Amino acid sequence: MVGPIMRPQFVLFGSSIVEFSYGDHGWGAILADIYARKADILLRGYAGWTSRQALQVLDQVFPKDAAQQPSLVIVYFGGNDSMRPHPSGLGLHSAHVPLVEYVENMRKIAIHLKNLSQKTRIIFLTAPPTNAAKICETYGDQLAELRTNELCGIYSEACLKLCQEMDVKAVDLWTALQKKDGWANAYFTDGIHLSAEGSKVVVKEIMKVLREAEWEPSLHWKSLPAEFEQLLPNYPVSSDVKTMLSEASFLRYMQWE
């Protein structure tokens with residue numbers, strides 16, 4: 001552990017949508033920026049994984065006897081699960097997890113996380129939509145046929161239903177990312193993974209959940225104290241620099257209200 005105190009830990013757990021989220025202007029990087037000096041954003045992303053692989057390592061990623069349990073876990077699985085079975089049954093394209101199994105896997109993940117501590121909060125992200133034309137252009141016709149927007153929608157709806165049943169907060173990415181005209185090209189780099197603009201939508205939806213959740217303590221960035229905040233008034237900074245810092249903070253955070 002790096003001191004001086006144990007900051008709240010927010011863990012991002014999922015497949016490539018999570019692993020790539022620390023890339024340039026990705027949603028994980030944005031969260032780390034928002035919560036600088038307030039919480040540690042930990043990445044546990046595994047490209048190509050489904051909820052099936054997640055279950056196999058759940059105890060290793062989230063051990064029940066850990067000295068510090070996360071304050072928040074944001075979980076994303078579903079896009080790979082929703083793929084049609086590949087005729088060969090081999091490779092990444094064989095990632096398909098049947099809907100019933102997917103729901104039960106996500107249920108087990110939720111139960112495990114809820115049992116970590118009384119103050120561990122959970123947000124599930126549903127499968128986002130896809131851009132079939134871009135998938136075809138980037139990866140070929142075969143993957144475009146296996147990974148469809150319709151199937152992502154079915155798995156997204158099942159995830160939302162489970163979250164409602166288990167009282168787990170959820171972000172409906174499938175719907176949120178289709179609200180804007182031209183979303184298919186604006187929000188994805190390859191038809192599957194998020195662009196910088198798509199990541200902004202994810203962050204806004206997550207921040208909405210954190211702002212509205214009646215959690216004690218609140219995990220919204222405004223509610224968390226900044227580390228060493230008490231030392232700031234005595235720091236020898238000129239009035240011009242203080243003004244600049246205030247303006248930078250405003251510009252940095254105002255879109256995440």
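Here the structure is a predicted model, which means the values were calculated and not measured. The figures here come from the full heavy-atom set of this structure, side chains too, leaving out hydrogens, waters and symmetry mates.
Across Val202 and Leu173, no two heavy atoms sit closer than the pair CG2-CD2, 3.9 Å. Residues Arg121 and Gln118 approach most closely at NH1-O, 3.8 Å, considering heavy atoms. For the residue pair Ser51 and Val97, the shortest heavy atom distance occurs at OG-CG1, 4.3 Å. Ala213 and Lys169 make their closest contact through CB-CE, 4.0 Å (heavy atoms, listed as atom of the first residue, atom of the second, distance). Nearest heavy-atom pair, Ala54 versus Trp49, reported as atom, atom and distance to 0.1 Å: N-CE3, 4.0 Å. In this structure, Trp27 and Val18 approach most closely via the heavy-atom pair CZ2-CG2, 4.0 Å.
The shortest distance between side-chain heavy atoms of Thr126 and Phe77 does not fall below 4.5 Å. Contact of the Cys152 side chain with the Ser82 side chain is registered, since non-hydrogen atoms from C-beta on lie closer than 4.5 Å. Within the 4.5 Å cutoff, no side-chain heavy atoms of Leu72 are placed close to those of Pro8. Lys38 has its side chain out of reach of Pro225: every pair of non-hydrogen atoms, C-beta onward, lies at least 4.5 Å apart. In this structure, Leu43 and Val11 have side chains that are not in contact, with every pair of non-hydrogen atoms separated by 4.5 Å or more. Residues Ile206 and Val203 are not in side-chain contact: their nearest non-hydrogen atoms beyond the backbone lie 4.5 Å or more apart. The closest side-chain heavy-atom distance from Val168 to Leu162 is not below 4.5 Å. Between Ile123 and Val75, every side-chain heavy-atom pair lies at or beyond the 4.5 Å cut-off.
Tyr187 places no side-chain N or O within 3.5 Å of a backbone atom of Ser195 that could act as its donor or acceptor partner. The backbone N or O of Ala29 lies less than 3.5 Å from no partner atom in the side chain of Asp33, so there is not a single donor-acceptor pair. Checked by atom type and distance alone, the side chain of Asp40 never pairs as donor or acceptor with a backbone atom of Gln9 at under 3.5 Å. A donor-acceptor pair under 3.5 Å is formed between the side chain of Asn131 and the backbone N or O of Ala184. Counting only distance, with no hydrogens or angles, the side chain of Ser16 and the backbone of Glu19 share no donor-acceptor pair below 3.5 Å. In this structure, the side chain of His220 does not engage the main chain of Leu210 through any donor-acceptor pair within 3.5 Å. No donor-acceptor pair under 3.5 Å is formed between the side chain of Ser223 and the backbone N or O of Ser218.
Rounded to the nearest 0.5 angstrom, Asn105 CG and Asp81 CG are separated by 7.0 Å. Atom CZ of Arg211 sits about 8.5 Å away from atom NZ of Lys222, to the nearest 0.5 Å. How far CD of Glu216 is from CG of Leu219: 10.0 Å, rounded to the nearest 0.5 Å. To the nearest 0.5 angstrom, Ser156 atom OG is 10.0 Å from Leu177 atom CG. Put simply, CD1 on Ile192 and OG1 on Thr130 are 7.5 Å apart, with the number rounded to the nearest 0.5 Å. Once rounded to the nearest 0.5 Å, the distance linking CG of Leu55 with CE of Met106 reads 9.5 Å.
Summarising the local packing, CD of Glu212 is surrounded by more than 12 heavy atoms from other residues, nucleotides or ligands at distances under 6.0 Å.
Salt bridge present: Arg7 and Glu227 bring a charged side-chain N and a carboxylate O closer than 4.0 Å. Look at Asp190 and Lys134 and you find no salt bridge, because none of the NZ, NE, NH1 or NH2 atoms lies under 4.0 Å from a carboxylate O. Between Arg107 and Glu165 there is a salt bridge, since a side-chain N of the basic residue sits under 4.0 Å from a carboxylate O of the acidic one. Under the 4.0 Å criterion applied to side-chain N and carboxylate O atoms, Glu145 and Arg84 are not assigned as salt-bridge partners. Salt-bridge check for Glu205 with Lys208: failed, with every basic side-chain N at 4.0 Å or more from each acidic carboxylate O.
Hydrophobic clustering (ILVMFWY, side-chain heavy atoms < 4.5 Å, transitive): Ile135 and Phe20 are in distinct clusters. Leu160 and Met166 sit in two unconnected hydrophobic clusters of ILVMFWY residues. Membership requires side-chain heavy atoms under 4.5 Å apart, directly or through other members. Residues Leu116 and Ile109 share a hydrophobic cluster, clusters being chains of Ile/Leu/Val/Met/Phe/Trp/Tyr side chains in contact below 4.5 Å.
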- Task: Take Tyr102 and Cys159 through the side chain to side chain contact (heavy atoms under 4.5 Å, CB included) test and state the conclusion after the steps.
- Result: CA-CA 9 Å; Tyr102 165 72; Cys159 182; 3.7 Å; yes
- Message: Applying side chain to side chain contact (heavy atoms under 4.5 Å, CB included) to Val171 and Val209, what does each step give before you reach the verdict?
- Response: CA-CA 8 Å; Val171 170; Val209 172; 3.8 Å; yes
- Please lay out, stage by stage, how Ser71 and Lys119 fare under the test side chain to side chain contact (heavy atoms under 4.5 Å, CB included). CA-CA 6 Å; Ser71 297; Lys119 292 190 176 180; over 6 Å; no
- Query: Leu194 and Thr189: side chain to side chain contact (heavy atoms under 4.5 Å, CB included), yes or no, with the steps?
  - Reply: CA-CA 6 Å; Leu194 298 166; Thr189 58; over 6 Å; no
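Phe124 has its ring centre no less than 6.0 Å from the ring centre of Tyr76. Between Phe62 and Phe13, a ring centre-to-centre spacing shorter than 6.0 Å is recorded.
Side-chain atoms of Asn80 and Thr50 form no donor-acceptor pair, as typed in the model, at a separation below 3.5 Å. Between the side chains of Trp174 and Asn149, at least one donor N or O lies within less than 3.5 Å of an accepting N or O. Under the 3.5 Å distance criterion, with hydrogens and angles disregarded, no donor-acceptor pair is assigned to the side chains of Ser199 and His25.
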